[in-house]
Amino acid sequence: MLDPKLLRNQLDDVAANLSKRGFTLDLENYQRLEQERKIVQVECEKLQQESKARAKSIGKAKASGEDIAPLLAEVGNLKQSLSESESALSALQSEMDDFVLGIPNLLADGVPEGKNEDDNVEVSLWGEPRKFDFEVKDHVDLGAGVGGLDFDSAVKITGSRFNVMTGGVARLHRALGQFMLNTHTLEHGYNEISVPFVVNRDSLFGTGQLPKFEEDLFKLNDEREFYLIPTAEVPVTNMMRDVIVNEADLPVKYTCLTSCFRSEAGSYGRDTRGMIRQHQFEKVELVQFVKPQDSDQALDTLTGHAEAILQKLDLPYRKVILCGGDVGFSSQKTFDLEVWLPSQDKYREISSCSNFASFQTRRMKARFRNSETGKPELLHTLNGSGLAVGRTLVAILENYQQEDGSIAIPSVLQPYMGGVTQLEAKS
RNA sequence: GGUGGGGUGGCAGAGUGGUCGAAUGCGGCGGUCUUGAAAACCGUUGAGUGUUAAAGCUCCUAGGGUUCGAAUCCCUACCCCACCGCCA
């Protein structure tokens, strides 16, 4: 959530910034609420002060053996108006909360103008899409060809948008996750962490999925209101909820391999074939907690860590910066990495790296103690996929396919595959 | 699943319904002493909101309730600990 002070003091600037997202801030409504809130709050605090003072004097009178009956009589009306004032204030405050929680993060400088993903701007290009001298297949046919991808069984077991992997493909999938984790822990300085795949509402609130995006989530039928995680970002970032860390311990960097669960409500008909868009997929996540002045730089290095995986796998990709209209609700700036998919003849998202600044940490009270001032300050959070494992598997199958339908194994993965150099096509 | 005991400041741990944002100890910070350090002694030390600064207000797991007044009493939820049972 945004800093309430910013709304109070620089409302027009905020509105102008948000308009680049296509978000219209309801200034009138805000000003009405804020004005009313101030009046009611002042009055309410006055009444609280008054009633505390009365209660104390009653206590004193009683202690010294005086008759307290007249004092009690005086206090009668006060009690009534205090409780009225308190409920008026809390009603206003919750209205204000709803309003503020519905406002997306401010965009960082340098985020390009634009309405949707078509307006995202390419920043860089790496590698060169391979020229095939035979007809390319997509990952669905390739996976079936090596006998390792079985969507029919997944439909039988569960339904659409799930998958079953067996044999060499299952192993390749596992190898990818291991390879990514090892790279991030051993070469990029991340701390590996294993977390629950089920989270409570507070956690989803902290990272910004709730209250606004509930329909994207799988909710468990349990009175505790548990949800399946849509990304490791949720449990990992919430590690710091209600925590004040020492400045000397920063930055804190976690990497985490989890399954991710998304309802994909509203994406009917998109990417229905294959495993590009699934209800359940694996992802290696990178999460960083940094000091505010470090987060700009950290976004670049974090994105670089995700890029390193693509480079080691020798997969062509491009890096784009999302335009204002496409940046996620909680993010102030996002780079997407898009991998080349020969069957689609285009680049497809495989990683999304974002700087959330203090948007999440303000919600979850994740702070560090400034060693100079001794005061707690909000951390900045960043995260990025490093990478989406399922989509990486798709990219490997398609980019490493051979004419006979077999799949070459990238050399960095071979140690994880027991030295296997290719997945053979079944005849 | 059953029974009992708990959730208080960075930690430990007091707190007869009234002057408690909360004793005390440890830890942290500052100082005295010392060539330096330790020890000892003195002082200081929660978070948020608000303000030029203050005052004020909120917060003793969370949400309700009783009361002029709740950390303290009642209800509910969550979590933790112990023992018993069950499962592995």
Side-chain angles (χ1 to χ4, degrees), chain A residues 1-10 33-101 195-196 198-206 210-211 219-227 235 238-250 252 289 292 358-379:
Chain A
M1 84 191 236
L2 295 182
D3 187 349
K5 282 186 193 139
L6 213 54
L7 284 169
R8 258 174 255 153
N9 303 330
Q10 297 172 55
L33 278 171
E34 175 60 14
Q35 217 166 19
E36 223 175 313
R37 195 218 93 229
K38 242 184 249 173
I39 295 167
V40 175
Q41 186 166 338
V42 167
E43 179 198 283
C44 183
E45 288 184 4
K46 244 185 214 159
L47 289 169
Q48 283 174 329
Q49 186 181 359
E50 174 76 17
S51 92
K52 275 175 78 166
R54 299 273 178 125
K56 268 184 192 172
S57 64
I58 291 175
K60 271 185 198 159
K62 204 175 177 183
S64 60
E66 293 169 38
D67 179 19
I68 60 169
L71 290 171
L72 284 179
E74 270 177 51
V75 115
N77 288 339
L78 184 62
K79 196 191 174 193
Q80 174 71 10
S81 41
L82 174 60
S83 92
E84 275 167 20
S85 177
E86 277 177 339
S87 57
L89 180 60
S90 82
L92 270 172
Q93 261 161 354
S94 78
E95 204 180 333
M96 184 66 104
D97 286 347
D98 290 348
F99 182 85
V100 174
L101 289 173
V195 294
V198 173
V199 293
N200 58 33
R201 288 185 65 89
D202 288 343
S203 294
L204 288 157
F205 179 86
L210 292 181
K219 184 175 188 179
L220 300 189
N221 184 16
D222 182 294
E223 73 227 4
R224 288 170 292 191
E225 302 216 68
F226 286 158
Y227 295 78
N238 275 278
M239 285 289 290
M240 288 297 181
R241 171 148 53 88
D242 295 319
V243 168
I244 301 175
V245 291
N246 291 324
E247 185 173 346
D249 295 333
L250 296 172
V252 174
F289 302 88
S358 58
F359 192 83
Q360 295 180 323
T361 54
R362 184 168 293 106
R363 291 171 163 239
M364 66 172 103
K365 299 185 181 66
R367 294 167 292 179
F368 71 99
R369 194 170 295 282
N370 184 317
S371 55
E372 274 177 35
T373 63
K375 292 292 173 195
E377 287 177 29
L378 292 173
L379 289 161

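Chain naming here is simple, since letters A, B, ... match the order of the sequence lines and numbering starts at 1 in each.
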[atom1] gap between [N] and [M], integer Å:
N	M	atom1	answer
B:A14	B:U24	C1'	7 Å
B:A71	B:C60	P	7 Å
B:G48	B:C42	P	31 Å
B:C74	B:C81	P	24 Å
B:G10	B:A47	C1'	13 Å
B:G65	B:G17	C1'	15 Å
B:U52	B:G46	C1'	25 Å
B:G9	B:A22	P	14 Å

Between [N] and [X], is there an OP1 or OP2 to side-chain N/O distance shorter than 4.0 Å?
X	N	result
A:K60	B:U19	no
A:R369	B:A47	yes
A:R37	B:U49	no

### Between A:E45 and A:Q49: side-chain donor-acceptor atoms closer than 3.5 Å
no
Of the listed nucleotides ([options]), which one gets closest to any side-chain atom of [X]?
X	options	value
A:R367	B:G50, B:G48, B:C68	B:G48
A:Q41	B:A47, B:C68, B:U49	B:U49
A:R224	B:C79, B:G48, B:G50	B:C79

### Query
What dot-bracket string describes RNA chain B from 5' to 3', counting Watson-Crick and G-U wobble pairs whose defining distances are under 3.5 Å, with [ ] for crossing pairs and | for pairs to another strand?
((((((((.[[[..)..(.....]]]((((((.......))))))((((......)))).[[[[[..)....]]]]])))))))....
### Message
As a quick check of understanding, evaluate side chain to side chain contact (heavy atoms under 4.5 Å, CB included) for A:V199 and A:N238, giving each step before the final call.
### Response
CA-CA 10 Å; A:V199 293; A:N238 275 278; over 6 Å; no
### Pairing of A:E50 and A:R54 as salt bridge, 4.0 angstrom limit
yes
### Query
Is A:R37 paired with A:E34 through a side-chain N to carboxylate O contact shorter than 4.0 Å?
yes
### Task
Return the residues of residues 43-52 of chain A meeting this criterion: a heavy atom under 4.0 Å from some atom of RNA chain B. Order them by number, or give none.
A:E45, A:Q48, A:Q49, A:K52
### Task
Flag yes if more than 12 heavy atoms outside A:K219 fall under 6.0 Å of its NZ atom; otherwise flag no.
yes
